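Note that ligands are numbered from 1 as they come in the structure, with each ligand's atoms numbered from 1 the same way. These numbers come from a predicted model, not from an experiment.
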Amino acid sequence: MKTIGIIVPCYNEAAVLPMFYKEATAVMDALADRYKTEFIFVDDGSKDETLRRITELAVTDARVKYISFSRNFGKEAAMLAGMEYAVKHDYVCIIDADLQHSPEIIPQMLDYVENEGYDVAASRRADRQGEEKFKSFLSGSFYKVINRISETKISDSAQDFRVMKRDVVKAILSMPEHNRFSKGIFSWVGFNVKWISHENRERAAGETKWSLKGLLKYAIDGILGFTFAPLKLPFLFSGLLFVLSFIELLYGVIKNIAVEGYAPSLPLTLAAVFFTGCLLLLCVGILGEYLARTYTEAVNRPKYIIAKTNTNTTYFTLEGE
Ligand code: UDP
Ligand code: MG
């Protein structure tokens, strides 16, 4: 019998957890003759009753494992912790707790990886219905930009909801970066992916954790983590300014000869100085962003800290300990 680990990142999901558990267990119970299931709820430093709900479930259901972080480390860290634990399984599934990802598709995903020769079966949203227009527009533009400038292709509609073979999870875990942008990571490791269209369901309860600021940070992380294209801007700007200054020089010299008493206008000169200053600061800022990321990689802090768990993973033990 094959085993599957279902990873559920949870941040303040107390309201929806019982519903999720009911739906997900119903789906997996129907497959009980073929797959041995383990649920790995990763409590990402929730401030509500999430952890209590999970521990209650764990008391009555031995399939329920939990890993609870010491604070909120973000969904990327939660998925990572889940995968580090669940890599022992033949298959690993990642699914949101809020029922926007329908557990009913898991059997179909399992069928693709087990019988159809795929390594991953991932959900792709069929539409962006129920999402704010502005948010759709922003994310649409982000994916257009990143796909133009990055070699790692990132699909606009790809979701984290997926079933993966163990080898794929191993490949993902072999990527040691701290700034984890899962969409890029999933795409970067490659493998044979079956995309399954999935209607975007309404959140069953609770509320989204994404603020506009959070999304913007996510977008910047994606760009900086998967392309060096912004570092080419200084070259572009220097070329542009060189051409402009050359034209200006020619114009000044000719006018000086032709017009008696000619003096260049001060406001125009100032504008040129400020413009150049802006471009320079922008370039320094971009450099700084990459440098800061190099710094986080260099200090090599743990990617999360486990405060409580019923798994055999104890804290972030160093290898071999
Ligand atoms: N999540 C998490 N840590 C966070 C934010 C979110 O573990 O810091 C979880 C959340 O509990 C949910 C999933 O990630 O299971 C997706 O979050 P959400 O539904 O807020 O995102 P959306 O579906 O609106 O993109
Ligand atoms: Mg959601």
Practice task
Only one of V87, D119, V113, I172 passes side chain to side chain contact (heavy atoms under 4.5 Å, CB included) with M164; say which it is.
Solution key: I172
Problem - Shortest protein contact, atom 14 (O) of ligand 1 (heavy atom only) - result: K75 CD, 3.2 Å
Handout entry: Of K183, R180, R293, the residue whose pairing with D221 passes salt bridge (charged side-chain N to carboxylate O under 4.0 Å, His left out)
Key = R293
Problem - Aromatic plane relationship, F246 with F242 - under 30° parallel, 30 to 60° tilted, over 60° perpendicular - result: parallel
Practice task
Compute the ring centroids of F41 and Y66, then answer whether they are less than 6.0 Å apart.
Solution key: no
Problem - Test: R166 cationic atom under 6.0 Å from Y91 six-membered ring centre, within 45° of axis - result: no
Handout entry: Under-4.0 Å heavy-atom contact with ligand 1, by part of D96 that carries it
Key = both
Practice task
Using a 4.0 Å heavy-atom cut-off, say whether E13 meets ligand 1 through its side chain, its backbone, both or neither.
Solution key: side chain
Practice task
State plainly whether the residues E114 and K2 are in salt-bridge range, i.e. N to O under 4.0 Å.
Solution key: yes
Exercise for the section: Just say parallel, tilted or perpendicular for the rings of Y118 and Y112, cut-offs at 30° and 60°. Expected result: perpendicular
Practice task
Keeping waters out of it, list the protein N, O or S atoms under 2.8 Å from the Mg ion (ligand 2).
Solution key: D98 OD2, Q100 OE1
Practice task
Mind telling me whether F161 and H101 have parallel, tilted or perpendicular rings, with 30° and 60° as the class edges?
Solution key: parallel
Exercise for the section: Return a yes/no value for P9: is any of its N or O atoms, backbone included, closer than 3.5 angstrom to an N or O of ligand 1? Expected result: yes
Practice task
Please state which part of V8 comes within less than 4.0 Å of ligand 1, counting heavy atoms only: side chain, backbone, both or neither.
Solution key: neither
